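We name chains A, B, ... by the order of the sequence lines, and we start the count at 1 in each one. The structure presented is a predicted model; accordingly, all values stated were derived computationally and were not measured. Just the heavy atoms: all of them, side chains too, but no hydrogens, waters or symmetry mates, feed the values below.
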There are 2 protein chains.
Amino acid sequence: MAVTIRDVARQAQVSVSTVSRALSAPGLVKDATRQRVLDVVAGLGYQPNRAARSLITGRTGNLAVVVPDLLNPFFPSVLRGVQTKAGEAGTSVFFCDSREDPETEAELVRTMASQVDGVVLCASLLSDETIIDLAAATPLVLINRIVPGVSSVLMDSANGMEQVVTHLESLGHRDYVYLGGPAAAWSNNRRMQGLNGRAQLLGSFDPNFDGGYTAAEQALSTGATAFIAYNDLIALGALAYLAEHDVKVPEQISVTGFDDILYATMCSPALTTVHMPTEAAGEVAVDLLATLLEGGQPEHRELPTTLVIRASTARAHSQS
Amino acid sequence: MAVTIRDVARQAQVSVSTVSRALSAPGLVKDATRQRVLDVVAGLGYQPNRAARSLITGRTGNLAVVVPDLLNPFFPSVLRGVQTKAGEAGTSVFFCDSREDPETEAELVRTMASQVDGVVLCASLLSDETIIDLAAATPLVLINRIVPGVSSVLMDSANGMEQVVTHLESLGHRDYVYLGGPAAAWSNNRRMQGLNGRAQLLGSFDPNFDGGYTAAEQALSTGATAFIAYNDLIALGALAYLAEHDVKVPEQISVTGFDDILYATMCSPALTTVHMPTEAAGEVAVDLLATLLEGGQPEHRELPTTLVIRASTARAHSQS
DNA sequence: TTGAAAGCGCTAACAC
DNA sequence: GTGTTAGCGCTTTCAA
């Protein structure tokens with residue numbers, strides 16, 4: 001069996017409570033005593049049993065992060081942010097992938113709720129009511145979603161999209177088309193807001209490569225000089241379609257993405273897109289969770305997004 | 001406070017031990033009694049306190065998976081496999097990103113060891129000795145690494161590479177060059193084995209886009225008709241370099257990747273590469289962990305890889 | 001500043 | 001088949 005607090009107490013010639021205090025409330029123990037205890041702890045390699053501690057304090061020292069799709073390059077980087085910040089506080093992180101299924105998502109949150117101090121929920125597919133219920137039962141922070149009364153951190157997509165529009169306008173584009181994401185997606189609406197009604201809207205496409213491929217076909221017939229994609233994956237699909245049909249990007253048509261995933265730098269031409277501070281979002285989410293755990297009020301944070309200009313946008317050609 | 005086993009016992013008019021048994025050893029309880037207990041459990045929404053259970057059983061019902069880099073698209077899919085399989089057993093999963101640092105990696109495994117039943121360690125950067133030490137202290141399963149006496153699951157890279165070579169040979173290529181990954185990487189050596197000494201070897205490159213870009217420059221001067229990249233990222237970098245220098249792929253030069261990451265289908269030309277059963281590897285790792293926890297012996301599994309032929313390879317041109 | 005003792009919620013002997 | 005009871009390892013009153 002592992003070394004327990006009693007082993008430490010015995011060897012340090014103090015009571016178990018003194019050992020406990022030396023570790024979790026150092027101020028309450030005389031310096032000399034504490035030092036002796038700490039030495040023994042180090043010598044024995046004692047690690048407090050988290051289950052026992054948790055049983056009495058009611059805190060687990062763990063948290064969970066729930067995402068809709070781990071394979072979407074957007075989320076691993078959120079996870080990384082969460083882990084970075086949580087790690088600083090000695091907190092470990094559970095991950096859960098809901099596979100884009102709302103029921104699974106709710107189920108996961110409920111399951112985790114009992115074994116963690118709080119949950120970070122990314123890009124939730126749940127209804128406001130369900131989220132409010134969940135938030136009542138366990139400290140909860142949302143990423144990329146706003147629900148009244150629930151903590152959340154947002155990446156300012158609307159503004160990011162405004163930057164895209166401004167950029168395109170400055171290049172002389174007047175006629176551009178938005179290759180929309182899923183109509184139900186909350187973030188799709190945010191991004192559309194940033195368009196300020198300046199773009200033609202094209203139906204909702206699957207937010208992946210194939211969706212973009214399909215979208216480009218439709219978009220091409222509009223005669224627009226620029227395509228604004230809901231996300232990088234759609235933009236990439238569009239790029240592929242255009243390449244196959246010998247439409248030169250950006251000479252004939254400019255294309256923009258959104259999210260700045262890894263591959264946005266690797267395609268050809270490299271994609272002009274909006275960078276999302278995903279890792280920072282994960283970190284901030286952990287901060288908000290900490291606030292909640294200390295009895296603080298739900299908070300809302302919005303992180304700035306930045307346009308990254310690469311090679312897929314250029315001055316509009318005069319003739320379509 | 002949450003509902004406890006006593007609340008259930010009281011309402012179901014049985015003792016706490018009956019409730020406990022009804023939940024974790026159903027066979028020991030009369031059907032009628034168990035049903036009554038289960039009804040109350042459902043009615044009250046009772047969830048056993050894992051900390052309390054863990055305190056007495058010594059099992060946490062959790063496991064951890066440690067990866068070197070969450071942002072590498074290879075690993076999230078391993079995570080997903082781990083979670084899928086673990087979830088079936090009601091096990092939750094911690095994730096840790098070592099950021100390619102061996103010290104951090106060892107530290108993480110040690111930290112997690114005390115709060116989980118076992119650890120899945122992916123593409124470890126640690127020495128054999130360290131891994132053996134770790135495995136002695138906690139149930140451990142390796143992915144993509146072999147260490148004597150430690151459970152592991154491997155994806156058969158050597159065979160995958162042989163398939164690449166066979167494919168290239170069948171297309172008439174006789175002079176091809178290997179764009180190598182990190183010399184220290186265990187998987188690089190495995191992949192080189194599959195080459196069977198048939199390829200020219202080019203130094204070790206960073207296993208990313210930039211590394212591939214650099215590699216292509218050197219490879220071009222060898223006059224080879226095909227480039228075999230250590231992984232998809234290097235292949236993608238090579239593709240970009242070749243495109244910029246107006247070298248047609250696959251007409252002039254064939255290029256192959258390895259891993260079959262998402263982007264391998266999205267680039268142009270789509271990459272011929274070796275598909276790795278990453279998700280399956282994660283699942284199998286959990287199985288091996290389960291074996292270990294039941295007192296079984298360390299096991300070694302090797303999963304088959306498959307060549308995926310896309311558009312980046314073609315018949316060798318006659319003249320270089 | 002320290003120690004003794006009472007549990008946290010649960011499982012696992014041990015009785016019946 | 002079911003109930004009683006003794007802890008698992010720890011924190012936290014309460015006394016001293």
Side-chain angles (χ1 to χ4, degrees), chain A residues 1-41 44-62 90-92 111 113-117 293, chain B residues 1-41 44-62 90-92 111 113-117 293:
Chain A
M1 208 51 203
V3 26
T4 79
I5 200 172
R6 311 179 84 103
D7 301 322
V8 177
R10 193 174 317 117
Q11 190 164 338
Q13 318 246 47
V14 293
S15 71
V16 291
S17 23
T18 300
V19 175
S20 175
R21 282 188 281 252
L23 260 21
S24 30
L28 300 180
V29 178
K30 194 165 67 177
D31 276 8
T33 317
R34 190 183 58 238
Q35 198 49 57
R36 185 149 41 91
V37 171
L38 261 26
D39 288 346
V40 174
V41 164
L44 260 34
Y46 168 70
Q47 286 196 287
N49 180 316
R50 318 246 305 201
R53 174 178 287 177
S54 149
L55 192 51
I56 189 159
T57 60
R59 288 284 193 93
T60 62
N62 298 148
T91 301
S92 304
T111 307
S114 63
Q115 32 185 333
V116 299
D117 298 335
L293 292 178
Chain B
M1 210 51 204
V3 26
T4 80
I5 199 173
R6 312 179 84 103
D7 300 322
V8 177
R10 192 173 319 118
Q11 189 163 336
Q13 317 246 49
V14 293
S15 70
V16 292
S17 30
T18 299
V19 176
S20 175
R21 280 188 283 251
L23 260 23
S24 30
L28 300 180
V29 178
K30 194 164 67 176
D31 276 8
T33 317
R34 191 183 59 239
Q35 199 48 58
R36 185 151 37 93
V37 170
L38 261 26
D39 287 347
V40 174
V41 164
L44 259 35
Y46 167 69
Q47 285 197 288
N49 179 315
R50 318 250 302 202
R53 175 178 286 177
S54 148
L55 192 52
I56 190 160
T57 61
R59 289 283 193 94
T60 61
N62 297 148
T91 301
S92 305
T111 306
S114 64
Q115 34 186 330
V116 298
D117 297 335
L293 292 177

> Taking CD from A:Gln13 and P from C:dT2, how many angstroms apart are they, rounded to a whole number?
Replying inline: 14 Å
>> If we ignore hydrogens and angles and just use 3.5 Å, is the side chain of B:Asp117 paired with the main-chain N or O of B:Gly61 as donor and acceptor?
In response: yes
> Quick one: on DNA chain C, does A:Thr18 or B:Ser20 contact a more 5' nucleotide (nearest heavy atom)?
Replying inline: A:Thr18
> Out of C:dC10, C:dT11, D:dG9, which nucleotide sits closest to the side chain of B:Asn49?
Replying inline: C:dC10
> B:Leu55 CG to C:dA12 P: how many Å, rounded?
Replying inline: 12 Å
> Judged by atom type as modelled, is there a donor-acceptor pair below 3.5 Å linking the side chain of B:Arg59 to the main-chain atoms of B:Leu293?
Replying inline: yes
>> Going by side chain to side chain contact (heavy atoms under 4.5 Å, CB included), A:Val8 matches just one of A:Val16, A:Leu23, A:Val41. Which one?
In response: A:Val41
>> So does B:Thr111 get a backbone contact from the side chain of B:Ser114, meaning a donor-acceptor N/O pair under 3.5 Å?
In response: yes
>> I'd like to check B:Arg50 versus A:Thr60 (side-chain heavy atoms, cut-off strictly below 4.5 Å). Are they in contact?
In response: no
>> I need the residues from residues 26-37 of chain A with at least one non-hydrogen atom less than 4.0 Å from DNA chain C; give them sorted by number, or say none.
In response: A:Leu28, A:Val29, A:Lys30, A:Thr33
> What do the steps show when you test A:Ser15 against A:Thr18 for side chain to side chain donor-acceptor pair (under 3.5 Å), and what is the final call?
Replying inline: CA-CA 5 Å; A:Ser15 71; A:Thr18 300; 3.3 Å; yes
>> Whether the side chain of A:Arg34 engages the backbone of A:Pro26 through a donor-acceptor N/O pair (distance < 3.5 Å, no angle test) should be reported.
In response: yes
> Under the 3.5 angstrom rule, does the side chain of A:Arg36 hit a backbone N or O of A:Ala12 as a donor-acceptor pair?
Replying inline: yes
Considering only nitrogen or oxygen atoms on both sides, find all protein atoms under 3.5 Å from nucleotides 5-7 of chain D and state each distance.
none

>> So for A:Arg50 and D:dG9, does any side-chain atom that can act as donor or acceptor lie under 3.5 Å from a complementary atom in the base?
In response: no
